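First up is the structure itself, then whatever we jot down about it.
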Amino acid sequence: MKLFKNQKLTLYNSFSKKKEIFTPIHDGFIGMYVCGPTVYSNVHLGNCRTFLSFDLVFRYLKHLGYKVRYVRNITDAGHLENDADSGEDRIAKKARSEKIEPMEVVQNYTIDFHQTMEKFNALPPSIEPTATGHIIEQIGIIQEILKNGFAYEKNGSVYFDVLKFNETHHYGKLSGRNLEDMIANSRELEGQSDKKNPQDFALWKKAEPKHIMRWPSPWSDGFPGWHLECTAMSTKYLGEHFDIHGGGMDLKFPHHECEIAQSEAFCNQNPVNYWMHANMLTLNGQKMAKSTGNNILPNELFTGDNTILSKPFSPTVTKFFMYQAHYRSILDFSSDALEAAEKGYNRMKEAFKNLNTLPTGKDSTMDISAWKQSCYDAMNDDFNSPILIAQLFEAAKFINSVKDGKASITPSDLEILKTAIHSFVFEVLGLQEESISDTNSTKLSDTVALLINLRKEARENKDFATSDKIRDELTAIGIQLKDGKDGTTFSL
RNA sequence: GGCAUCGUGGCCGAGUGGCUAGGCGCCGGUCUGCAAAACCGUUUACUCCGGUUCGAAUCCGGACGAUGCCUCCA
């Protein structure tokens, strides 16, 4: 029996602006497309939040027993820095400044992206297609859109005719924009654009002579428009109509709006049943962005090599911090918030370690089945990870009480509890225990163990001057001793 | 200017028309040679002004403020 038969998942559809009961097109199967990164520089923490939000979605859907095909693209074709007709593409710019091939830029940052997501213990998508690998498919779609009369060719470029499209379809239905308002508000100083209207967007751009990334097409040597690759790749791997399309909030307009228009112009089919948008991670109250420099890279966070935070933070703690906020809320990043998350996470982790040695009794003083269902209720309610984590803290408190003999649990309930915690912590949240056991850390812990023993002897001899000296000087180095009932442990 | 989202206690951050979020911090307790750690307990709230309602922080209207999008962006 698949879990999804019993668990009623609802999710917020940005298209209808409502929470809806989730029903897949094909029972038991889910097609999900998420817009991936443009690989012209290191992925920053804000980018990571979006992918971690959808990793949670992917993991929970799988946990429920669905067979999920998760497609996330890599944008590796150079797109222009602005909407002007001439200009430089980001990847070519980077290639020139670093004196390498554009494809080396792409390779570099694709690898960086993969390594970073792996550190966060994010699952790889089922298919990770690249824009440059699907030029033929993109050209095919342009031809269809031209044939259907929703695009026009001008000087070797092809543009989507938004006004024409809007006569028979609705452009702006995802973002709530109204074309008349957009036209009224676009008082741009018209240059020498090939576009009929400022709202039109490129399906194919003719490459200027200096443009390095270029492909032949019926119209010119050029490159595809940015919005087109997602239409081409989602259609190819998920079909003309699929279940979930996700991406960052900032892609809602124009990117996702244009995707809908392209699909409808191409096959007269609304492509997506459920649109999901993950909200921004901010720093100093502003959106993290590569261009403004208001961002932090994952590695700067893990190593502590940055001016923003007081200390390094592990990928797991960072992820836990992110999941303590709902994916649709803006989350502000700060040292204080991260430290609070770290302390909470460690406390929870310590409590769960006691699961294996927990004494059992004749009855349970907590309703474990109800608790377990409340975890599902949290996730079923639009992937509400903050509530799930709150429930996990309730379990942690209960476990500590059982350990102290102030509460009890039956053997069968303990099994349910263990399994549920394992499922939610490792499978669903994907919080992985980092095991650093290289030889140096072994030597370090042996050395500290030696000092702990010396201190213990001093204490037994009531030589508190010596014992306190050991403790205080270790503290000064950054090693904290923790005296417990069963001896002394330490933490860095 | 247009579109959208949001405004919760010392901080972070959920949620609901009447009933506990949770985490961190503070404070108190247990433990300790003392402390720290750990564990237990506890405290402060819903931007402002109207309206609907028996009752609203939660619904509606307005004001103020914040953020995102309207150009590449997760």
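All of these numbers come straight from a predicted model, not from anything done at the bench. Numbered from 1 within each chain, the chains take letters A, B, ... in sequence-line order.
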Is the ring pair A/H256/A/H245 parallel, tilted or perpendicular, if the boundaries are 30 and 60 degrees?
perpendicular

Searching all strands shown, indicate the nucleotide that pairs with B/C48 (Watson-Crick or G-U wobble; both distances under 3.5 Å).
B/G62

Between B/G22 (C1') and A/K397 (NZ): distance, integer Å:
9 Å

Which part of the nucleic acid, if any, lies within contact of A/D336, taking any heavy atom under 4.0 Å across all strands shown: a base, the sugar-phosphate backbone alone, or nothing?
nothing

Of the listed B/G13, B/C12, B/A74, the closest approach to the A/H44 side chain comes from B/A74

For atom CD1 of A/I183 and atom P of B/C70, their distance in whole Å:
18 Å

Integer angstrom distance from the C1' of B/G7 to that of B/G13:
13 Å

Describe the nucleic acid contact of A/L281 in one word from base, sugar-phosphate, nothing, applying a heavy-atom distance below 4.0 Å.
base

A/R90 has a side chain; which of B/C72, B/C40, B/A14 sits nearest to it?
B/C72

Test: A/R328 cationic atom under 6.0 Å from A/Y12 six-membered ring centre, within 45° of axis
yes

Atom pair distance, as rounded to whole Å: CD in A/Q199 and P in B/G2:
17 Å

My understanding is that a pair needs two contacts under 3.5 Å, Watson-Crick or G-U wobble. By that rule, which nucleotide pairs with B/C69?
B/G2

Taking N and O atoms by type only, does the side chain of A/R471 place a donor or acceptor under 3.5 Å from a partner on the base of B/A36?
no

I'd like to know if the side chain of A/Y109 pairs up with that of A/H114 as donor and acceptor (distance under 3.5 Å, no hydrogens or angles considered).
no

Expressed as a whole number of Å, how far does the C1' atom of B/G15 sit from that of B/U58?
9 Å

Closest nucleotide of RNA chain B for A/H255 versus for A/S401: which of these residues is on the 5' side?
A/S401

Hey, does A/E350 reach any base, or is it just sugar-phosphate, or nothing, if we go heavy atoms under 4.0 Å?
nothing

Report the residue (A/Y12 or A/C48) whose heavy-atom-nearest nucleotide on RNA chain B is the more 5′ of the two.
A/Y12

Tell me whether A/F393 and B/G23 count as stacked here, given that the ring centres must be under 5.5 Å apart and the planes must differ by less than 30 degrees.
no

Basic-acidic side-chain contact under 4.0 Å: A/K311, A/E342:
yes

Looking at every strand, decide which applies to A/A278 at a 4.0 Å heavy-atom threshold: base, sugar-phosphate, or nothing.
nothing

Could you list, one pair per line, each protein nitrogen or oxygen that sits under 3.5 Å from a nitrogen or oxygen of nucleotides 65-69 of chain B, together with the distance?
residue : atom : partner : partner atom : Å
B/U67   : OP1  : A/Q286  : OE1          : 3.0
B/G68   : OP1  : A/K287  : N            : 3.3
B/C69   : OP1  : A/K287  : NZ           : 2.3
B/C69   : O2'  : A/R177  : NH2          : 3.3
B/C69   : O2'  : A/F253  : O            : 3.0
B/C69   : O2   : A/R177  : NH1          : 3.4
B/C69   : O2   : A/R177  : NH2          : 3.0

When both distances are under 3.5 Å in a Watson-Crick or G-U wobble arrangement, the nucleotide paired with B/G28 is B/C40

Tell me whether the rings of A/F253 and A/Y171 are parallel (<30°), tilted (30 to 60°) or perpendicular (>60°).
perpendicular

So, does A/E259 use its side chain to make a donor-acceptor pair with the main chain of A/L228 at under 3.5 Å?
no

Looking at every strand, decide which applies to A/G172 at a 4.0 Å heavy-atom threshold: base, sugar-phosphate, or nothing.
nothing

Compare side-chain N and O positions of A/R72 against OP1 and OP2 of B/A74 and report whether any pair is under 4.0 Å apart.
no

May I ask you to decide whether A/K353 forms a salt bridge with A/E350, counting only side-chain N to carboxylate O separations under 4.0 Å?
yes

With rounding to whole Å, what would you report as the distance between B/C49 and B/A14 at their P atoms?
26 Å

With rounding to whole Å, what would you report as the distance between B/G25 and B/C54 at their C1' atoms?
40 Å

Less than 4.0 angstrom from a charged side-chain N to a carboxylate O is my criterion; do A/K94 and A/D89 meet it?
no

When rounded to the nearest Å, what value does the distance between C1' atoms of B/U8 and B/U20 take?
16 Å

With sugar-phosphate meaning primed atoms plus P, OP1 and OP2, does A/G46 contact a base, only sugar-phosphate, or nothing at under 4.0 Å between heavy atoms?
base

Per the atom types in the model, does the base of B/A38 pair as donor or acceptor with the side chain of A/N400 at under 3.5 Å?
no

Working to the nearest 0.5 Å, report the span between CD1 of A/I409 and OG of A/S401.
11.5 Å

Any side-chain to backbone donor/acceptor pair from A/D76 onto A/A131? Under 3.5 Å, distance only.
yes

Nearest to the side chain of A/R347, heavy atoms from C-beta on, is which of B/C40, B/A37, B/G2?
B/C40

Check whether any side-chain N or O of A/K343 sits under 4.0 Å from OP1 or OP2 of B/G23, and answer yes or no.
no

Taken to the nearest whole Å, CG/A/L174 to C1'/B/C70 is 14 Å

Quiz item: A/D468 side-chain donor-acceptor pair to B/G33 base, under 3.5 Å:
yes

Do A/N400 and A/K406 have a side chain donor and acceptor closer than 3.5 Å?
no

Touch check for A/L331, heavy atoms < 4.0 angstrom, all strands: base, sugar-phosphate only, or nothing?
sugar-phosphate

Result for side chain to side chain contact (heavy atoms under 4.5 Å, CB included) between A/Y33 and one of A/N73, A/I244, A/I127, A/T231 points to A/N73

Tell me: NE2 of A/H256 to P of B/C70, nearest whole Å?
13 Å

Knowing that exactly one of A/M213, A/R214, A/H211 qualifies, which makes a side chain to side chain contact (heavy atoms under 4.5 Å, CB included) with A/F223?
A/H211

Cut-off 3.5 Å, side chains only: do A/D377 and A/Q373 have a donor facing an acceptor?
yes

Report which part of the nucleic acid A/K403 touches: base, sugar-phosphate, or nothing (heavy-atom distance under 4.0 Å, all strands).
nothing

Under 4.0 Å, heavy atoms only, any strand: does A/M288 hit a base, just the sugar-phosphate, or nothing?
base

Polar pairs (N or O, both sides) under 3.5 Å between protein and nucleotides 15-18 of chain B?
residue : atom : partner : partner atom : Å
B/G15   : OP1  : A/N384  : ND2          : 3.2

Inter-nucleotide P distance (B/A21, B/U44), Å rounded
10 Å

Spacing of A/M379 atom CE relative to B/A21 atom P, expressed in whole Å
23 Å

Using the C1' atom as the reference point in each nucleotide, state the distance between B/C60 and B/G17 in Å, no decimals.
13 Å

So what's B/U53 paired with, Watson-Crick or G-U wobble, going by both distances under 3.5 Å?
none

Atom C1', compared across B/A63 and B/C24: separation rounded to whole Å
34 Å

Check the distance between B/G13's C1' and A/D332's CG and give it to me in whole angstrom.
12 Å

In this structure, how many angstroms lie between the C1' atom of B/A14 and the OH atom of A/Y327, rounded?
15 Å

Need one value for A/Q480: base, sugar-phosphate or nothing, where a base atom within 4.0 Å counts as base even if backbone is also close, heavy atoms only.
sugar-phosphate

Can you tell me the Watson-Crick or wobble partner of B/C11, both distances under 3.5 angstrom?
B/G23

Can a side chain N or O of A/S467 be found less than 4.0 Å away from OP1 or OP2 on B/G33?
no

